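Just the heavy atoms: all of them, side chains too, but no hydrogens, waters or symmetry mates, feed the values below. None of the values given here were measured: they were computed from a predicted structure.
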Amino acid sequence: RGLRGAALQARGAGLLAGRGGFASSFAVVLQGLVAAGADAALAASGLAVLTAAMGLCGIFLSVATRMPISVAWSTPGAALLATSGAPEGGFAVAVGAFLAAGGLVIAAGLFRPLGRAVAAIPPPLANSMLGGVLFSLCLAPVRAAAEVPLLALPMLAAWAVAGRVNRLASIPAALLAAVIGVAVTGPGGPIGPIVAVPVLVVPDFVPAAMLGIALPLFLVTMASQNIPGIAVLSANGYRPDPGPLFIATGVASVVAAPFGSHAVNLAAITAAICSGPGAHPDPARRWWAATVAGLTYLVFGILAGGVTGLAALAPPVLVQAVAGLALLGPLAGALVAGLAEAKPREAAIVTFVVAASGLSIGGVGAAFWGLLSGGALMLLARAGR
């Protein structure tokens with residue numbers, strides 16, 4: 001009976017991680033893909049293949065290592081796409097950047113100096129860049145309250161009330177309120193196919209997109225997902241070799257990218273659910289929780305067409321508002337970490353302001369220029385000292 005109860009506990013933790021991981025941020029992913037130039041069919045394809053890829057990768061790594069290796073999509077990376085806008089040349093250029101970013105993750109796993117170089121980026125600058133990327137999307141709930149108050153205000157109320165009861169329930173509650181609001185007041189119409197059809201996109205490799213999309217996507221994915229994911233596993237007593245994990249997620253990213261998927265990486269928040277004591281009393285059995293989470297993602301991947309169709313019926317600002325609510329916590333964490341130290345604070349705030357500005361020079365987006373500006377200012381300050 002005790003073993004049966006522990007198995008149920010692991011399955012419950014896996015279902016919670018998979019359901020929460022998808023519901024809490026799929027709107028960010030959709031918004032990012034649409035902003036990068038994807039139409040409805042391409043966005044559905046990207047969401048479906050991305051969800052399936054992270055499910056399969058999580059199952060494979062958990063079974064192979066007998067550790068709770070949770071895999072997710074890059075939420076900060078999707079926010080980066082949402083705030084960068086469509087590259088010149090359309091979605092094919094973005095797909096080329098997705099492939100390049102996945103290749104960089106593989107390289108970080110194969111060549112430890114590259115991984116160490118990413119980890120050596122000063123945390124105030126990395127966090128401030130992330131904060132700048134997230135900031136404009138986090139303004140969407142305010143815009144939605146002004147533009148579509150009948151839909152946005154009940155959603156915001158549901159988010160606030162549910163968050164006081166259970167923080168993990170806040171985004172699903174907001175999403176449910178938004179769905180009900182659209183069903184009651186929206187134009188209606190068919191949702192479309194429930195099962196998404198993968199659409200192959202021939203990538204276009206453009207140098208400006210390598211600097212403006214691929215490099216920032218690689219950096220935020222490594223700094224905000226992969227490295228914290230390893231840290232969460234370590235905090236719960238697991239010591240996997242990071243290299244093979246980075247290689248596996250990078251390969252999954254490269255394989256899924258031609259279908260519109262932006263990035264597969266190690267999870268951080270859901271990793272805490274699957275690798276902690278709540279998943280199973282025996283640490284050697286917690287890999288079951290991560291495996292169940294992967295299976296849950298596969299189910300959501302199959303249903304991605306219906307999810308995308310439903311989102312298409314809502315006003316775009318409402319979808320952006322759900323995404324913005326999901327990013328408020330990461331934004332707060334990035335700002336606190338970025339501005340905590342006094343000495344690099346000026347460089348950090350410059351990084352944040354430039355990254356949040358929407359600046360684009362030669363097709364290279366604001367995240368790159370923010371990191372470059374803050375880094376130059378930090379080097380100048382060190383030279384002066």
Side-chain angles (χ1 to χ4, degrees), residues 10 14 17-18 21 49-77 98-121 126 214-215 217-259 261-276 279-280 282-298 301:
V49 175
L50 173 59
T51 310
M54 66 191 200
L56 289 171
C57 188
I59 293 170
F60 168 76
L61 288 175
S62 296
V63 172
T65 64
R66 289 299 195 268
M67 296 184 193
I69 310 296
S70 298
V71 175
W73 49 46
S74 176
T75 302
F98 300 164
L99 277 165
L104 286 172
V105 175
I106 295 174
L110 289 172
F111 306 107
R112 292 179 185 272
L114 178 58
R116 286 196 293 268
V118 174
I121 294 174
L215 182 59
L217 178 58
F218 164 68
L219 291 176
V220 298
T221 297
M222 290 294 294
S224 303
Q225 297 275 177
N226 280 340
I227 294 173
I230 293 293
V232 170
L233 287 169
S234 178
N236 285 284
Y238 301 96
R239 301 290 186 273
D241 182 358
L245 302 187
F246 294 162
I247 293 170
T249 56
V251 168
S253 297
V254 168
V255 171
F259 300 95
S261 164
H262 73 290
V264 176
N265 46 244
L266 297 178
I269 296 175
T270 52
I273 298 174
C274 294
S275 62
H280 199 286
D282 182 2
R285 304 284 291 175
R286 291 174 192 165
W287 63 274
W288 271 106
T291 303
V292 171
L295 292 170
T296 305
Y297 285 135
L298 289 179

Which atoms form the tightest heavy-atom contact between [X] and [Y], and what is the distance?
X      : Y      : answer
Leu217 : Ala101 : CD2-CB, 3.8 Å
Ser261 : Leu50  : OG-CD1, 3.2 Å
Cys274 : Pro68  : O-CB, 3.6 Å
Leu104 : Ala214 : CD1-O, 4.5 Å
Gly103 : Val254 : N-CG2, 3.7 Å
Arg112 : Asp241 : NH2-OD1, 3.2 Å

Within-4.5 Å side-chain heavy-atom neighbours: [X] and [Y]:
X      : Y      : result
Ile230 : Pro242 : yes
Asn265 : Val105 : no
Thr221 : Thr249 : no

Can any side-chain N or O of [X] pair as donor or acceptor with the backbone N or O of [Y] at less than 3.5 Å?
X      : Y      : result
Thr291 : Trp287 : yes
Ser70  : Ala290 : no
Arg286 : Met67  : no
Ser62  : Ile69  : yes
Tyr238 : Pro283 : yes

Residues Met222, Leu219; criterion side-chain contact (heavy atoms from CB on, under 4.5 Å); working and verdict = CA-CA 5 Å; Met222 290 294 294; Leu219 291 176; over 6 Å; no
Any chance you could measure Leu266, atom CG, to Cys57, atom SG, to the nearest 0.5 Å?
->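 Leu266 atom CG to Cys57 atom SG measures 8.0 Å (nearest 0.5 Å).
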Give the ring-plane orientation class for Phe98 versus His262, where under 30° counts as parallel, over 60° as perpendicular and anything between as tilted.
->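 Taking His262 first and then Phe98, their aromatic rings stand perpendicular (interplane angle over 60°).
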